[in-house]
Protein chains: 2
Amino acid sequence: MFITLDLESEEPIYTQLKNQIIAGIAKKELSPGEALPSVRALAADLGINLHTVNKAYQQLKQEGFILIHRQKGVVINPDGVPKADAVYWTELSAKIRPLIAESVCKGVSEAEFQELCHQIFAEFYQ
Amino acid sequence: MFITLDLESEEPIYTQLKNQIIAGIAKKELSPGEALPSVRALAADLGINLHTVNKAYQQLKQEGFILIHRQKGVVINPDGVPKADAVYWTELSAKIRPLIAESVCKGVSEAEFQELCHQIFAEFYQ
DNA sequence: TAATTGTTATACTATTAATATAACAGATAA
DNA sequence: TTATCTGTTATATTAATAGTATAACAATTA
């Protein structure tokens with residue numbers, strides 16, 4: 001599980017970190033129960049601050065991706081990630097809608113959009 | 001063309017404004033060449049500051065959705081919105097990828113995801 | 001001449017992102 | 001016992017962004 005950060009990006013560091021861990025779980029590079037580095041170890045490894053890693057971990061915990069034991073450390077949720085519920089579908093729609101609106105304006109067909117999504121799904125099913 | 005803002009939202013006001021104008025173009029509620037309110041008029045109408053509207057307009061201009069004539073006002077691009085190019089496809093992928101990664105983690109199948117996209121596309125082709 | 005247009009400039013408040021230290025409490029290893 | 005490591009909490013600072021508030025400018029139009 002490699003993590004690469006773009007410190008010049010407009011995307012906050014903690015968001016990049018969150019998304020890469022989520023991608024790692026989706027690609028099964030990270031398995032349920034598997035340990036993640038401590039906040040201090042990962043911060044040192046990535047050359048960033050302890051609190052930036054902690055912010056990413058706290059949000060991942062809040063969303064059910066990981067568990068944090070006070071003295072044992074951080075692990076990928078052994079029970080798996082909570083399944084999509086109605087709230088998640090609503091939030092997902094709200095995130096995708098502006099992307100589709102812009103695509104429609106720019107002449108992207110539904111088939112082209114679906115093909116792009118298909119290719120991205122394939123990245124997670126290797 | 002109705003615009004509704006959620007001043008409590010974490011989404012910046014100028015972003016909400018941008019997205020609703022883009023959605024208006026996608027739904028053909030706004031046609032090429034059609035005039036938009038002046039920055040002052042729209043700001044007064046929405047109860048927000050002139051500069052917030054101006055920021056949205058400037059970004060829409062930068063991305064080719066609208067034209068701004070110094071004394072004539074603001075119009076939807078009469079030549080239509082620039083078609084998707086390689087850069088746009090790359091940016092679109094980067095925005096969709098984390099959404100798909102999270103969906104995969106939460107047990108959403110590709111078919112379910114595609115169906116959601118299909119329904120959203122349908123909103124723009126009524 | 002007066003009003004309206006986009007534009008620019010300055011200033012201020014509030015929030016967020018990121019960093020820097022420091023300390024605490026509980027568990028574990030020497 | 002002591003030292004170390006864990007997540008956690010607290011405080012402080014810097015930088016950037018979002019939003020607002022005025023004010024003024026230049027060009028067009030009524």
Side-chain angles (χ1 to χ4, degrees), chain A residues 3-22 30 33-78 94-95 98, chain B residues 3-22 30 33-78 94-95 98:
Chain A
I3 294 191
T4 57
L5 299 178
D6 178 3
L7 302 184
E8 309 299 318
S9 169
E10 292 180 13
E11 189 179 26
I13 297 174
Y14 77 90
T15 303
Q16 295 181 45
L17 186 49
K18 269 186 68 179
N19 284 339
Q20 291 196 36
I21 291 174
I22 292 173
L30 295 174
E34 184 171 342
L36 289 180
S38 72
V39 289
R40 287 179 177 82
L42 186 52
D45 186 38
L46 297 175
I48 60 178
N49 191 271
L50 169 161
H51 293 101
T52 306
V53 175
N54 190 244
K55 185 169 184 176
Y57 275 4
Q58 285 300 324
Q59 294 192 4
L60 288 169
K61 168 190 171 189
Q62 177 66 28
E63 297 166 24
F65 290 96
I66 64 177
L67 296 185
I68 303 179
H69 295 90
R70 183 155 186 121
Q71 276 80 25
K72 293 181 181 177
V74 182
V75 297
I76 304 297
N77 193 334
K95 289 174 186 167
Chain B
I3 294 195
T4 58
L5 299 177
D6 178 4
L7 302 184
E8 309 299 316
S9 170
E10 292 181 13
E11 188 179 27
I13 296 174
Y14 76 91
T15 303
Q16 295 180 46
L17 186 50
K18 269 186 66 180
N19 284 340
Q20 291 195 36
I21 291 174
I22 292 173
L30 295 174
E34 184 171 341
L36 288 180
S38 71
V39 289
R40 288 179 177 83
L42 186 52
D45 186 38
L46 297 174
I48 61 178
N49 191 271
L50 168 162
H51 293 101
T52 306
V53 175
N54 190 243
K55 185 170 184 174
Y57 275 4
Q58 286 299 325
Q59 294 191 5
L60 287 168
K61 169 190 170 187
Q62 177 68 27
E63 296 165 25
F65 291 95
I66 64 176
L67 297 186
I68 304 179
H69 294 91
R70 183 154 187 121
Q71 275 80 25
K72 293 181 181 176
V74 182
V75 297
I76 304 298
N77 193 335
K95 289 173 186 168

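Labels below follow one simple rule: chain letters A, B, ... track the order of the sequence lines, proteins then strands, and each chain is numbered from 1.
In this structure, of C:dT19, C:dG6, D:dT8, it is C:dT19 that holds the atom nearest to the side chain of A:Asn49. Comparing C:dT5, D:dT22, D:dT8 against the side chain of A:Val39 picks out D:dT8 as the nearest.
Counting heavy atoms from C-beta on, the side chains of B:Pro98 and A:Ile22 never come closer than 4.5 Å. Looking at heavy atoms from C-beta onward, B:Leu60 lies out of side-chain contact with B:Val74 at the 4.5 angstrom threshold. Between B:Ile76 and B:Ile66, some side-chain heavy-atom pair lies under the 4.5 Å cut-off. With a 4.5 Å cut-off on side-chain heavy atoms, B:Asp6 and B:Gln16 count as touching. At a threshold of 4.5 Å between non-hydrogen side-chain atoms, the residues B:Ile68 and B:Gln58 count as touching. Side-chain contact between B:Thr52 and B:Leu17 is absent, with no heavy-atom pair separated by less than 4.5 Å.
Taking atom CD on A:Gln16 and atom P on C:dA17, their separation rounds to 13 Å, with Å as the unit. The distance between atom CG of A:Leu36 and atom C1' of D:dG7, rounded to the nearest whole Å, is 14 Å. Separating the NE2 atom of B:His69 from the C1' atom of C:dT7 is a distance of 16 Å, rounded to the nearest angstrom. The nearest whole Å value for the distance from the CD1 atom in A:Ile68 to the P atom in D:dT9 is 10 Å. Regarding A:Leu46, its CG atom lies at a distance of 14 Å from the C1' atom of C:dA18, rounded to whole Å. Separating the NZ atom of B:Lys18 from the C1' atom of D:dA18 is a distance of 14 Å, rounded to the nearest angstrom. The CD-P distance, from B:Glu11 to C:dT16, rounds to 15 Å in whole Å. Going from atom CG of A:Asp6 over to atom P of C:dA17 covers 17 Å, rounded to whole Å.
Between A:Gly73 and A:Glu10, the residue anchored nearer the 5' end of DNA chain D, judged by the nucleotide with its closest heavy atom, is A:Gly73.
Here CG of B:Leu67 is found 13.0 Å from OH of B:Tyr57. Values are rounded to the nearest 0.5 Å. Put simply, CG on B:Asn54 and CD on B:Gln59 are 10.5 Å apart, with the number rounded to the nearest 0.5 Å.
Here salt bridge (charged side-chain N to carboxylate O under 4.0 Å, His left out) pairs that include residues 55-67 of chain B, with residues two or more places apart or in two chains, are B:Lys18-B:Glu63.
Taking only side-chain nitrogens and oxygens, A:Tyr14 never comes nearer than 4.0 Å to OP1 or OP2 of C:dA18.
Within residues 50-60 of chain A, the residues having any heavy atom under 4.0 Å from DNA chain C are, by residue number, A:His51, A:Thr52, A:Lys55.
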Task: Annotated protein contacts, base or backbone, on nucleotides 24-30 of chain C with a non-hydrogen cut-off under 4.0 Å, one of B, S, - each - done: --BS---

